[in-house]
Amino acid sequence: MIVGTAGHIDHGKTSLVKALTGVDADRLPEEKARGITLDLGYAYSPLSNGDVLGFVDVPGHEKLVHNMLAGATGIDFVLLVVAADDGPMPQTREHLQILDLLDLHAGAVALTKTDVVGAERTAGAETELAALLATSALAGAPVFRVSSVTGEGVEALRGYIEAQSARLSARSRRGHFRLAIDRCFSLAGAGTVVTGTVFSGQTAVGDTLVLSPPGIAVRVRSIHAQNRPAQRGIAGQRCALNVVGESFDKSRVQRGQWLLEAPVHAPSQRLDVQLRVLASERAPLAHWTTVHVHLGASEAMGRVALLEGQELEAGKVALAQLALDRAIGALHDDRFVLRDQSATRTIAGGSVLDPFPPSRGRRTPPRLALLRAWESATPAAGLRAALENSPFGVDASRFALSWNLTDQDMQALVRDAGARLVTIPEARLALSSVAWSTLRQRILASLAAEHERAPDMIGVGREHLRRLATPGLLRGAFDEIIEELREQGSIHQSGPWLHAPHHRVQLTPGEDKQWAKVHPLLELAPFQPPRVRDLARTLAMEEDAMRQLLKHVARTGAVFPVAHDHYFSRRAVIALADIARAVEREQGRVSAAEFRDRIGTGRKLAIHILEFFDRVGFTRRVRDNHALRQPALFTQDEPPAG
Ligand SMILES: Nc1nc2c(ncn2[C@@H]2O[C@H](COP(=O)(O)OP(=O)(O)OP(=O)(O)O)[C@@H](O)[C@H]2O)c(=O)[nH]1
Ligand SMILES: [Mg+2]
């Protein structure tokens, strides 16, 4: 367990930690000279059961609240220190407010310096204190009268803390390793040592971690956990990690950064949050107020964008977005505290709901509903809410990152939610079964509507259908649904066209007769068939009539317009596609020169054919070559159309 002190300057925090542990946490020469704490101090105290209590001693000075915040963020148990001669003072109140905003409610109160005041004053201070505590984060916490000078009451307090340490359940080790860095120093013979509190997960000697930001890889050479050499550091411990890395040195480390497992390295500049303004604020918090943001051990400047309304009254809670002036590491459920622009006052705080908000639509009703659902959700409930809210699927990789879930946890969550996980190049998408069948229906309905609108067209191009039916769906997921519909026979494909199984384009009897004459001419030299003008001349037809005829035949899928006024038979196109497939298989790509050699035509025509293949999505241009994009197009076993 980690105990953190809190309280007004000079009330005896450091003295009490020393009385409890024997360690003077004021380690800086300036602290010793001035008799005040300037930065965080640390002390450890072994327990009889083998565990070690960690103490983080914070400064009480009003100008050093930022340091107090960096220390308070990682603690489990608060030791609020109030001097009996003074009673509660401004930073007693401010620290209590901060503890409340950080959701820290376990603790004890020490009324110090009882040796220098009479019983009456002590009782008076106690009464004042009781009134303050009643509505604070430490409501119900016991108060111990102590003196760090005489030692009076210290043993009772120590006994209570030890008992609580045994009672408080250990923090879950779920998720990836995250350590909030609060200190870094060089150790002769060892190198760089980084210390902080482990927020989640665990690490072991030999692991590779990331300093985040800026994203520098380091290796863990050795570990001290709760001040003792260890093989592992786990959630809830204070750890000192001796780390090395190729592009790493001590100058890169600052308080506020994180040491993380690589999957959770994703600094963000905008955070969607649940925000509560302190009841003690005199005025409402206005939209776009400039604030200091404290999260983990970090501090950044930022602005508060209110997502609901133009201002937030004192004591009220609402959804907001923090727009930071630099990216920091933050994940769902991280607590934060806001102080005013000049850093003289704590004004608000809350918890992160989504560290990766969408760039558009941040105030839409569905978005706000989702954020509200995430305010008190378990990962399972959070995913369910996201699935219900996302007709085009949830980015599963991002959800796992945001909620600090391992790959395994995420897959189990998707499974338990009865959703489908679609892995495509752009992302991993989780789609609820409702979303999946809705998307299928929308695709089929759009296709039917298109057939109705244009009965003389053989079908709809794939990308066109995606835009018509499911414009927000990633292409890879759309392809997967189309594949399923094709396998089930609900959709057929002819060349690049998708169509309903029974949809046919009919030629008129007159066209049929003319086509019967044209077709053999196209097959004479299938890779270089005659153009519209030559066909017209050969059959003594008007050029325009021939053009019209072939346009109609193309809609049945029996010919394809490879170039302007140049139609190839379906058989020829399939044979050409086979050649392209063979070339790619052998050479990994299709070059115009190789393709021309194989089909035995001129270079210009070969290029026309490859450009046609690009256009319909069979291939894709990759610099000077072509690569297969939908290799299943133009295959023999396609259902013939027309
Ligand atoms: N008589 C008496 N003096 C105390 C007691 N506790 C602390 N003091 C004295 O009060 C002064 C301040 O004590 P610290 O422990 O440094 O106070 P602090 O709360 O750590 O102060 P900051 O860290 O600067 O906020 C020192 O001179 C201590 O010797 C106590 O129980 N009795
Ligand atoms: Mg001190």
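Counting starts at 1 for both ligands and their atoms, following the listed order.
The distance criterion of under 3.5 Å between nitrogen or oxygen atoms is not met by Thr112 with respect to ligand 1. At least one N/O-N/O distance between Gly12 and ligand 1 falls below 3.5 Å.
For Val149, the closest heavy-atom approach to ligand 1 falls below 4.0 Å. For the ligand labelled ligand 1, residue Ser147 lies inside the 4.0 Å heavy-atom shell.
Remark: the Thr14 side chain and the Thr37 side chain contain an N/O donor-acceptor pair separated by less than 3.5 Å. Side-chain N/O atoms of Ser351 and Asp333 include no donor and acceptor closer than 3.5 Å. Checked by atom type, the side-chain pair Arg158/Ser45 shows a donor-acceptor distance below 3.5 Å. Looking only at atom types and distance, the side chain of Thr346 has a donor-acceptor partner in the side chain of Arg339 under 3.5 Å away.
Within a 6.0 Å sphere centred on CZ of Arg173, other residues, nucleotides and ligands contribute 12 heavy atoms or fewer. Annotation for Glu152: atom CD does not count as buried by contact number, only 12 or fewer foreign heavy atoms lying within 6.0 Å. By the neighbour-count criterion of 12 heavy atoms within 6.0 Å, atom NZ of Lys63 is sparsely surrounded, having that number or fewer from other residues, nucleotides or ligands.
For the Mg ion (ligand 2), the N/O/S atoms of Ser15 include none lying under 2.8 Å. Within the 2.8 Å limit, Thr5 places no N, O or S atom next to the Mg ion (ligand 2).
Short contacts between ligand 1 and Ile36, defined as distances under 4.0 Å to a heavy atom of the residue, involve ligand atoms 24 (O). Residue contact check: Thr14 has heavy atoms under 4.0 Å from atoms 15 (O), 18 (P), 20 (O), 23 (O) of ligand 1. Atom numbering of ligand 1 starts at 1 in the shown order; those under 4.0 Å from a heavy atom of Ile9 are 24 (O), 25 (O). Near Gly60, meaning under 4.0 Å from one of its heavy atoms, ligand 1 places the atoms 22 (P), 25 (O). For ligand 1, the atoms closer than 4.0 angstrom to any heavy atom of Asp115 are 1 (N), 2 (C), 30 (C), 31 (O), 32 (N). Near Val116, meaning under 4.0 Å from any of its heavy atoms, are these atoms of ligand 1: 1 (N).
Protein heavy atom closest to atom 31 (O) of ligand 1, with residue, atom name and distance, is Ser148 N, 2.8 Å. In this structure, atom 13 (O) of ligand 1 lies nearest to the protein heavy atom Ser15 OG, 3.5 Å.
Side-chain contact between Glu375 and Leu353 is present, with at least one heavy-atom pair separated by less than 4.5 Å. Side-chain contact check for Pro357 versus Arg362: every heavy-atom pair is 4.5 Å or farther apart.
For atom 17 (O) of ligand 1, the protein comes within 4.0 Å by at least one heavy atom.
Aromatic rings of Phe144 and Tyr160 (six-membered ring for Trp) have centroids within the 6.0 Å cut-off, being under it.
Residue contacts with ligand 1, taken as heavy atom pairs separated by less than 4.0 Å, involve Lys13 via backbone and side-chain atoms alike.
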